Student: 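Pasting in a structure now, in structure tokens, and then I'll have a few things to ask.
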Amino acid sequence: MNYESVIGLEVHVQLKTKSKIWCSASAEYDEKEPNTCITPTCVGEPGALPKLNDEVLNYAIKAALALGCEINKLSFFDRKNYFYPDSPKNYQITQFFKPYAENGKLKVKTNSGKESEITIERIQIEEDTAKSIHLSTESLLNFNRASMPLLEIITTPCIKNSEEAYAYLTTLKERIKYTKVSDVSMELGSLRCDANVSVRKVGEKKLGTRTETKNLNSFKAVAKAIDYEISRQIEVIENGGRVVQETRLWDEENGVTRTMRSKEDAMDYRYFPEPDLPPVVISDERLERIRKTMPEFSGEKLVRFMREYKIPELEAIPLTNEPELADYFENVVKLTNDPRLSCNWILTEVLRVLKEKNCNIDEFTIREDRLAELINLINDKTISSKIAKEIFEKMIQSDLTPKKIVEKEGLAQITDMKAIEALVDEVIKNNKESVEDLKAGKDRAMKYLMGQAMKLSKGKANPKLVTDLILEKCK
Ligand code: ADP
Ligand code: MG
């Protein structure tokens with residue numbers, strides 16, 4: 001019998017606002033001592049009332065537009081009731097009956113090149129809980145994360161396999177990253193994903209019973225867990241059993257999922273409208289204002305870079321992957337008017353240093369103006385590309401401009417014909433054999449003589465002038 005798999009993903013994205021969702025507590029809670037970044041609202045003290053942070057709504061709208069969703073002008077908050085120490089109010093404020101965004105459509109392309117459209121059923125704004133840390137004999141609670149703003153992004157059960165799930169997550173992450181409303185980092189916990197998986201016989205209309213897998217720490221883990229669940233569920237059915245609806249945990253080390261708890265029905269959360277918050281009203285003006293600030297996404301940027309700067313696709317892809325790097329490139333080009341050389345320098349030297357230092361472009365100490373100045377020095381022939389690389393290394397160590405370094409260290413290219421001639425004569429005098437070889441038409445001798453000349457000038461001689469003069473003198 002042939003089976004097909006059906007997958008729905010729930011993704012939580014933490015928004016990078018300045019303050020938390022209901023109160024003035026700072027959202028930069030991570031570096032702070034446990035339980036210092038809180039207000040009575042974050043810990044759910046009786047009588048402490050929530051008020052929606054306006055910026056959360058702006059960020060949420062931006063993310064929803066980036067994911068191709070429709071925005072509801074009127075939506076509501078609801079209470080999801082459950083008992084757990086990480087939420088002492090005994091409920092989580094979320095959006096259940098009417099979320100602020102629905103019906104998203106997102107085009108994705110798998111690694112093997114298959115294109116499809118993923119539908120997002122809904123996005124709801126909700127609050128995060130405290131973080132529990134379970135030790136061997138006690139559990140600790142850190143409320144710094146409590147009341148952080150979250151979006152829960154839920155797809156319909158439209159994803160066909162792990163490859164498509166992976167492509168969806170990659171696209172979602174990239175698009176949200178471009179809006180700058182979240183770091184969307186699984187490592188830092190600002191992106192979390194649960195995978196719902198079921199299988200059914202091909203031709204069957206009714207969906208099979210699903211399991212929900214949590215504890216997924218990377219997109220690769222999501223894909224592996226989905227594949228594992230598909231095989232496991234098929235095996236259960238083939239052996240005459242039935243798949244049980246439950247929550248499972250991914251065990252990365254052993255590459256398996258394990259039962260965590262049987263899934264409560266949605267009814268058990270006893271959702272009801274949140275009485276402490278007014279309806280969420282999104283005006284046309286607000287929506288328009290946010291629409292105007294929507295970024296150009298990487299796909300669009302890629303096409304524009306190829307057209308506007310004449311950069312080949314293979315180079316335009318890494319350049320447009322991260323919005324910050326793309327901005328950096330465009331700022332350099334504004335100052336150099338040389339897209340080709342700017343692109344080369346960024347993709348080779350700049351990316352190499354970022355990798356070595358394990359930092360991102362925003363933390364890179366050579367800003368656009370200094371790199372552009374260096375490129376301009378190459379283009380106006382003040383320095384050779386080889387010397388430029390030496391200067392680049394020195395620029396990393398200091399905040400001197402390339403011009404200052406050239407001046408201080410006497411690195412300007414030698415273009416004075418008298419000096420070049422003296423240099424070439426010296427090389428010819430000391431390398432009689434190679435000169436004879438060159439005269440006999442052996443091209444390799446030219447390379448050697450050039451090397452000698454460059455060495456003698458400590459890399460400062462203008463290579464074109466040297467080549468021309470050697471050829472002239474060894475006719
Ligand atoms: P819950 O409260 O159980 O988390 P949600 O509505 O938040 O429910 O999420 C349900 C997720 O499960 C959605 O992404 C949905 O597409 C997916 N899903 C629902 N039924 C199935 C099924 N039979 N097989 C696979 N995925 C499913
Ligand atoms: Mg859910």
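Because the structure is a prediction, the values reported are computed rather than measured. First listed ligand is number 1; within each ligand, the first listed atom is number 1.
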Student: As a check for students: among Arg210, Gln245, Lys206, identify the option with a heavy atom nearest to atom 27 (C) of ligand 1.
Tutor: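 Looking at heavy atoms only, Arg210 sits closest to atom 27 (C) of ligand 1.
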Student: Quick test of your reading of the structure: of Val11, Thr209, Thr155, Thr119, whose heavy atom lies closest to atom 14 (O) of ligand 1?
Tutor: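 Looking at heavy atoms only, Thr155 sits closest to atom 14 (O) of ligand 1.
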Student: Any nitrogen or oxygen of Glu10, main chain or side chain, under 3.5 Å from a nitrogen or oxygen of ligand 1?
Tutor: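 Glu10 vs ligand 1: N/O contact under 3.5 Å present.
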Student: Is the Phe96 to Tyr269 ring centre distance short of 6.0 Å?
Tutor: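 No - the distance between ring centres of Phe96 and Tyr269 does not fall below the 6.0 Å cut-off.
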Student: Inspect the contact between Asp284 and Lys73 and indicate whether a charged nitrogen and a carboxylate oxygen are less than 4.0 angstrom apart.
Tutor: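 Yes, charged N to carboxylate O under 4.0 Å.
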Student: Near Gly208, which atoms of ligand 1 are under 4.0 Å from a heavy atom of that residue?
Tutor: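 Reading through ligand 1 atom by atom, the close ones are 23 (N).
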Student: For atom NZ of Lys403, is the number of surrounding heavy atoms from other residues, nucleotides or ligands below 6.0 Å larger than 12?
Tutor: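 It does not: Lys403 NZ has 12 such atoms or fewer within range.
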Student: If we set the cut-off at 4.0 Å for heavy atoms, which region of Leu9 has an atom near ligand 1: side chain, backbone, both, or neither?
Tutor: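 Under 4.0 Å from ligand 1, Leu9 contributes backbone atoms alone.
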Student: Relative to the heavy atoms of Leu207, which atoms of ligand 1 are at a distance of less than 4.0 Å?
Tutor: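 Counting atoms of ligand 1 from 1, those under 4.0 Å from Leu207 are 23 (N).
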Student: Among Ile159, Ile154, Val6, Thr211, which one puts a heavy atom closest to atom 25 (C) of ligand 1?
Tutor: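 When every heavy atom of Ile159, Ile154, Val6, Thr211 is considered, Val6 comes closest to atom 25 (C) of ligand 1.
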Student: Judged on heavy-atom distance to atom 17 (C) of ligand 1, which of Val199, Val243, Asn196 sits nearest?
Tutor: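 When every heavy atom of Val199, Val243, Asn196 is considered, Asn196 comes closest to atom 17 (C) of ligand 1.
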Student: Hey, does Glu152 sit under 4.0 Å from ligand 1 if you only count heavy atoms?
Tutor: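 Heavy atoms of Glu152 do come under 4.0 Å of ligand 1.
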Student: Quick one: does any side-chain atom of Asn239 pair with a main-chain N or O of Gly241 as donor and acceptor, under 3.5 Å?
Tutor: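 Such a contact is absent between Asn239 side chain and Gly241 backbone.
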Student: Under the 3.5 angstrom rule, does the side chain of Glu212 hit a backbone N or O of Asp194 as a donor-acceptor pair?
Tutor: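 Between the backbone of Asp194 and the side chain of Glu212 there is no qualifying donor-acceptor contact (under 3.5 Å).
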Student: Assess whether side chain to side chain contact (heavy atoms under 4.5 Å, CB included) is satisfied between Lys98 and Leu74, documenting all intermediate values.
Tutor: CA-CA 8 Å; Lys98 184 83 175 166; Leu74 185 64; over 6 Å; no
Student: Output the list of atoms in ligand 1 that are nearer than 4.0 Å to some heavy atom of Thr156, sorted by atom number.
Tutor: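 Matching atoms, with element in brackets: 16 (O).
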Student: Any atoms of ligand 1 less than 4.0 Å from a non-hydrogen atom of Pro157? List them with their elements.
Tutor: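 In order of numbering, the contacting atoms are 16 (O), 26 (N), 27 (C).
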Student: Please assess Thr259 against Thr211 for the test side chain to side chain contact (heavy atoms under 4.5 Å, CB included), listing each intermediate value before the final yes or no.
Tutor: CA-CA 9 Å; Thr259 302; Thr211 60; over 6 Å; no
Student: Using modelled atom types only, decide if a donor and an acceptor are shared between the side chain of Tyr100 and the backbone of Ala60 within a distance under 3.5 Å.
Tutor: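 Present.
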